[in-house]
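Data block below; observations after.
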Amino acid sequence: EPKLSGDFATLMQWADGFRRLKVRANAETPLDAETARKFGAEGIGLCRTEHMFFDPERIGAVRQMIMAADESGRRAALAKLLPFQRQDFVDLFRIMAGLPVTIRLLDPPLHEFLPHGDAELAEVAQALGTDTEAMRRRAIELAEANPMLGHRGCRLGVTFPEIYETQARAIFEGAIAVAKETGHAPVPEVMIPLVGTKPELDITRAQVERVAKAVFAETGVTLEYTVGTMIELPRAALIADRIAEVADFFSFGTNDLTQTTFGLSRDDAGKFLPTYVEQGILPKDPFVSLDIDGVGALVRIAAEKGRGTKKGLKLGICGEHGGDPASIFFCEEVGLDYVSCSPYRVPVARLAAAQAALHGGGDRTA
Ligand code: PEP
Ligand code: MG
């Protein structure tokens, strides 16, 4: 069982005395959240809700949601998912006990949820009261040539509003349940993925606000909450001043930002990146250590523009780079408020954040 003790715990406490950056963890399961807390995470910086959808108990309803012919079909499937999703958030809010929890609304490339093979097609056909052939056609219709650049993130929230509405309902109902149980109200931070235009955030933020209002009216309980966005597309960084008008916080998704800045697939880059590093074309794998010249420049632009619109706008990073010591130096220099990384990297991030504060940040990635 992970725990910090002895000299290591003492070292961590010293480090904490110096650092300015907060350290959060990326976590979606109760086990991840508990591990994060034991390692000293000061909140959840990224809960990837799509990971919860792959649970064998739920994937059937998820496939029905995607494959349904119309909104009422999607709503019926989502009604089955709501209690599961509400419980997910109850668990996380309980474990995090008042620490901030950033919940990102659904962001999968849609194809990850498509049924594959005859058995899965037949199963979803039966649930939706149609035949396997119709489902085969629907799956072909939904398939994308380039899913990572396709019907993903907030684009799903815009085209199928009932998905984000259901997730928002699960968040607020879950938070209210925990507030009643513990007497301490969680403050959910709802995060919208893959935003590239201001209207995308206008629309999805309004969905979340509508649901919050409805749930507060139904329950007679009102909670504080915030709505923010990932900055993970170059366009979002470049128009961050306008996006900040409707965002309570930014979290840099440097995995996608690296992919889209380099035009380099995060899933396939391993095939040739080692050669690039060997030949000195790139100093390091940019998916591991933040590329200061390109991705870093965009982070800097977005931070300045965002805070130009809203002084003190909360800024974090939740890509893999949030746990990379060299990248953490850069985060310190740019003045981010927190880094968020996988639970097991939290101790290293705490140390790196302290060292970065002592050295005043800077470029350590080369
Ligand atoms: C990112 O893009 O950096 C991010 C944190 O989101 P994901 O890895 O889930 O796309
Ligand atoms: Mg991303």
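Remember, it's 1-based here, ligands and their atoms both numbered in the order they're listed.
- The pair E42-R19 meets the salt-bridge criterion, with a side-chain N (NZ, NE, NH1 or NH2) lying under 4.0 Å from an Asp/Glu carboxylate O.
- The proximity of N26 to ligand 1, defined as any non-hydrogen pair under 4.0 Å, does not occur for either the backbone or the side chain.
- Between R104 and ligand 1 there is a heavy-atom distance shorter than 4.0 Å.
- Put simply, the side chain of R205 gets close to the backbone of V227: a donor and an acceptor are under 3.5 Å apart.
- Protein heavy atom nearest atom 9 (O) of ligand 1, with residue, atom name and distance: R48 NE, 2.7 Å.
- The name of the N, O or S atom in D256 nearest to the Mg ion (ligand 2) is OD2.
- Considering both main-chain and side-chain atoms, E50 never comes within under 3.5 Å of ligand 1 through any nitrogen or oxygen pair.
- K310 places a side-chain N or O within 3.5 Å of a backbone atom of A244 that can act as its donor or acceptor partner.
- If you look at H321 next to ligand 1, there are no close heavy atoms at all, none under 4.0 Å.
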Checklist entry - Between Q85 and T166, does a side chain to side chain donor-acceptor pair (under 3.5 Å) hold up when you go through it step by step? => result CA-CA 9 Å; Q85 185 89 109; T166 303; over 6 Å; no

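- Here the heavy atom of the protein found nearest to atom 5 (C) of ligand 1 is C318 O, 3.3 Å.
- Contact analysis leaves M191 out of contact with ligand 1, as no non-hydrogen atom separation drops below 4.0 angstrom.
- Residue contact check: R152 has heavy atoms under 4.0 Å from atoms 10 (O) of ligand 1.
- Side-chain N or O atoms of T309 include one that pairs as donor or acceptor with a backbone N or O of D241 at under 3.5 Å.
- Against a heavy-atom cut-off of under 4.0 Å, R266 is close to the following atoms of ligand 1: 2 (O), 7 (P), 8 (O), 10 (O).
- Close approach of ligand 1 to E232 is summarised as follows: ligand atoms under 4.0 Å from at least one heavy atom of the residue are 1 (C), 2 (O), 6 (O).
- The backbone and the side chain of N255 each have at least one atom closer than 4.0 Å to an atom of ligand 1 (non-hydrogen atoms only).
- The existence of a salt bridge linking R266 and E320 is excluded, since no basic side-chain nitrogen approaches an acidic carboxylate oxygen closer than 4.0 Å.
- Distance alone, capped at 3.5 Å, places no donor-acceptor pair between the R350 side chain and the A41 backbone.
- In this structure a side-chain-to-backbone donor-acceptor pair under 3.5 Å is missing from N26 to S342.
- Judged purely by atom type and a 3.5 angstrom limit, E232 uses its side chain to pair as donor or acceptor with the backbone of L194.
- Those atoms of ligand 1 that come under 4.0 Å of a heavy atom in G319, given as number and element, are 3 (O), 5 (C).
- The distance from ligand 1 to the heavy atoms of L46 drops below 4.0 Å at these ligand atoms: 5 (C).
- In summary, E232 places an N/O/S atom under 2.8 Å from the Mg ion (ligand 2), meeting the contact criterion.
- With R138 contributing its side chain and M67 its backbone, the two residues share a donor-acceptor pair below 3.5 Å.
- The shortest heavy-atom distance from Q259 to ligand 1 is not under 4.0 Å.
- Heavy-atom minimum distance, H321 versus L290: CD2-N, 3.2 Å.
- Put simply, part of M230 is less than 4.0 Å from ligand 1, judged by heavy atoms.
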